[in-house]
A.B. asks: 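Questions regarding the structure given below will be posed in turn.
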Number of protein chains: 2
Amino acid sequence: MATHSSARTATSKRSGSQLSPEAIIEASLRIAARGGDDAFTVRRLGQELGCDPTAVYRHFRDKDELLLSVADRTLGEALDGVPHGLAWRDRLRALAAESLRVGMKYPVVSSLMASRTTRRPNEFRIVELILGAVHEAGLTGADAAVHYRMFGDSILAYVGQHAALQLFAPTEREADQSAWSREYRLADRERFPRIAGLVEELAAVTHEEIYAARVEALLDKIERRAAEVRAAEAAADG
Amino acid sequence: MATHSSARTATSKRSGSQLSPEAIIEASLRIAARGGDDAFTVRRLGQELGCDPTAVYRHFRDKDELLLSVADRTLGEALDGVPHGLAWRDRLRALAAESLRVGMKYPVVSSLMASRTTRRPNEFRIVELILGAVHEAGLTGADAAVHYRMFGDSILAYVGQHAALQLFAPTEREADQSAWSREYRLADRERFPRIAGLVEELAAVTHEEIYAARVEALLDKIERRAAEVRAAEAAADG
DNA sequence: ACCTGAACACCGTTCAAGT
DNA sequence: ACCTGAACACCGTTCAAGT
């Protein structure tokens, strides 16, 4: 009896099952979605799994390797939200929207992945999707490659930026966000006439508007580049 | 004599001068530019200043307040690199280039600022510059505000993304970066035909090309939106 | 008035010890 | 074969004590 007493006091612990990479990834997603200061710490993960924090190192070389696996899961979740049968522009638009939605669901993950590649299956699927879309738009070869990177890297950066903001302690986030309606409202009209003249408009801009403008800028660029190439080829042929 | 012995053994310490916010900011810039794992830690800063690490808290409420002051200095450095007399497009292009250059000079700072505002003088100057440029492009009111945010936030996100990548330990950065020439080269041709077909082009894309495509996409968007508004106004007038 | 330095509550990770 | 838990080398920050 004495030998089981510590297991007794934490009845949720272990539940008889062995730890597995799968279980660790799923627990990571749960705590990442729950948010908070310790949204993705090894100790919090051990708590969620009901085991010693360091047990994770039996299944993943280090926390970074776990992060990449977890992140690839979130990429899959975003991908699954993109409907089939859309034309290239709507397909990329949907991918951008899903990436933001899922990214905000697991902000600690997307903020850490803003400049990373998972090099795992779901990333391959997303790359294939974007390459298919830019091909459908009319880009080939090096043009397709550059514009794929432009789109993919930008979405990653935007989502990571949004997510990092959400991770902030509410008080600091508020200070950063309310800058437009507070500090900027007090800007010296002599030195900063443009700011002074647009103070109301600057305070009224929403994240949705900004994200839409960013995504549309990228889609427009792909479309225009394809038109440029077509025009050049027509000129060469004629 | 005994009372001075500890000061003796560290002759570079204090050098008689009081600590000041200025001195702390400049020391922060020096260690941030030098890079490394402890590029911006309180302990490393104390070492650089030749004083106890916690002395910094006499002059800044916390590390975040110091970060914002340091970041605003880097914004000023970027701004000073933008030549006068350029037309709006070249002015924004120059700002984007200088932001990247300075951001990579202090990667630890720009990676931390990717989703932040400093709410300090040099940020006001940059906002004024961008607003002036979009106004020159032909945007007014809410359009000017949204497209300013689109441009400003995107540059911040791109530079932060680049900087975060550079901060990585070389081995991990290499793994992430070489993905295109390693993992992706091994992609299954059946499942990922687009990737397989563009493997060489994907591996050959440079950061400079990607950054140029991203920036030009934003500039094009501003120009096209202005043209749209002009066309709508002409239609309403005629 | 300002700086010091021990201390606290955290991190990720290692490793000898358990089972 | 796998997990445990003490320990290590770090963080940012607080606070009583020095000068």
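Below, chains carry the letters A, B, ... as their sequence lines are ordered, and counting in each starts from 1.
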A.B. asks: Given that A:Arg43 and B:Pro53 both sit by DNA chain C, which one's nearest nucleotide is further toward the 5' end?
C.D. replies: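 On the 5' side of the pair lies B:Pro53.
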A.B. asks: Using purine N1 to pyrimidine N3 plus N6-O4 or O6-N4 for Watson-Crick, or N1-O2 and O6-N3 for G-U wobble, each under 3.5 Å, what pairs with D:dA17?
C.D. replies: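 Base-paired to nothing in any strand shown.
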A.B. asks: Flag the pair A:Arg34 and A:Glu48 as a salt bridge only when some basic side-chain nitrogen lies within less than 4.0 angstrom of an acidic carboxylate oxygen.
C.D. replies: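 Yes.
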A.B. asks: Give none if D:dA9 has no partner; otherwise give the nucleotide forming a Watson-Crick or G-U wobble pair with it, both distances under 3.5 Å.
C.D. replies: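 Partner of D:dA9: none.
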A.B. asks: Would you mind telling me which of D:dC3, C:dT14, C:dC3 lies closest to the side-chain atoms of A:Ala55?
C.D. replies: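 Ranking D:dC3, C:dT14, C:dC3 by closest atom to the A:Ala55 side chain puts D:dC3 first.
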A.B. asks: What's the closest nucleotide to the side chain of B:Arg58 if the choices are C:dG5, C:dC11, C:dC3?
C.D. replies: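 Between C:dG5, C:dC11, C:dC3, the one nearest the side chain of B:Arg58 would be C:dC3.
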A.B. asks: Tell me which nucleotide among C:dT14, D:dC11, C:dT4 gets nearest to the side chain of B:Thr41.
C.D. replies: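 Within the option list, the nearest is D:dC11.
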A.B. asks: Could you give the CG-to-P distance, from B:Leu66 to D:dT13, as a whole number of Å?
C.D. replies: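 It works out to 10 Å between those atoms.
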A.B. asks: Just how far, in rounded Å, is P of D:dT14 from CG of B:Asp52?
C.D. replies: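 It works out to 15 Å between those atoms.
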A.B. asks: Between B:His59 and A:Asp62, just flag the one whose closest nucleotide in DNA chain C comes earlier from the 5' side.
C.D. replies: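 On the 5' side of the pair lies B:His59.
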A.B. asks: Between A:Asp64 and A:Arg116, does any NZ, NE, NH1 or NH2 come within less than 4.0 Å of an OD or OE carboxylate oxygen?
C.D. replies: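 Here A:Arg116 pairs with A:Asp64 in a salt bridge, since their nearest N and O are under 4.0 Å apart.
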A.B. asks: Between A:Arg185 and A:Glu200, does any side-chain N to carboxylate O distance fall below 4.0 Å?
C.D. replies: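 Result for this pair is yes, salt bridge flagged.
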A.B. asks: D:dG12 C1' sits how many Å from B:Leu45 CG, rounded?
C.D. replies: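 In whole Å, D:dG12 C1' lies 12 Å from B:Leu45 CG.
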A.B. asks: What nucleic acid atoms does B:Phe60 come within less than 4.0 Å of, heavy atoms only: base, sugar-phosphate, or nothing?
C.D. replies: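 Since no nucleic acid heavy atom lies under 4.0 Å of B:Phe60, the category is nothing.
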A.B. asks: Measure from OH on B:Tyr57 to P on C:dA7 and round the result to the nearest Å.
C.D. replies: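 Answer to the nearest Å: 19 Å.
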A.B. asks: Once you round it to whole Å, what is the distance between P of C:dG12 and CG of A:Asp37?
C.D. replies: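 Answer to the nearest Å: 12 Å.
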A.B. asks: Please report the distance, rounded to the nearest Å, between CD1 in A:Ile24 and P in C:dG12.
C.D. replies: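 Rounding to the nearest Å, CD1 of A:Ile24 and P of C:dG12 are 14 Å apart.
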A.B. asks: Do A:Asp38 side-chain atoms and A:Arg44 backbone N/O form a donor-acceptor pair below 3.5 Å?
C.D. replies: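 No.
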A.B. asks: Please pick, from C:dG12, D:dT4, C:dA6, the nucleotide with the shortest atom-to-atom distance to any side-chain atom of A:Val42.
C.D. replies: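 That would be C:dG12.
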A.B. asks: To the nearest Å, give me how far apart CG (A:Leu67) and C1' (C:dC11) are.
C.D. replies: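 From A:Leu67 CG to C:dC11 C1': 16 Å.
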A.B. asks: Is the positively charged end of B:Lys63 above the ring of B:Tyr57, judged by distance under 6.0 angstrom from the centroid and angle within 45° of the axis?
C.D. replies: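 Not flagged: B:Lys63 not positioned over aromatic ring of B:Tyr57.
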A.B. asks: Once you round it to whole Å, what is the distance between C1' of C:dG12 and CG of A:Leu112?
C.D. replies: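 To the nearest whole Å, that distance equals 13 Å.
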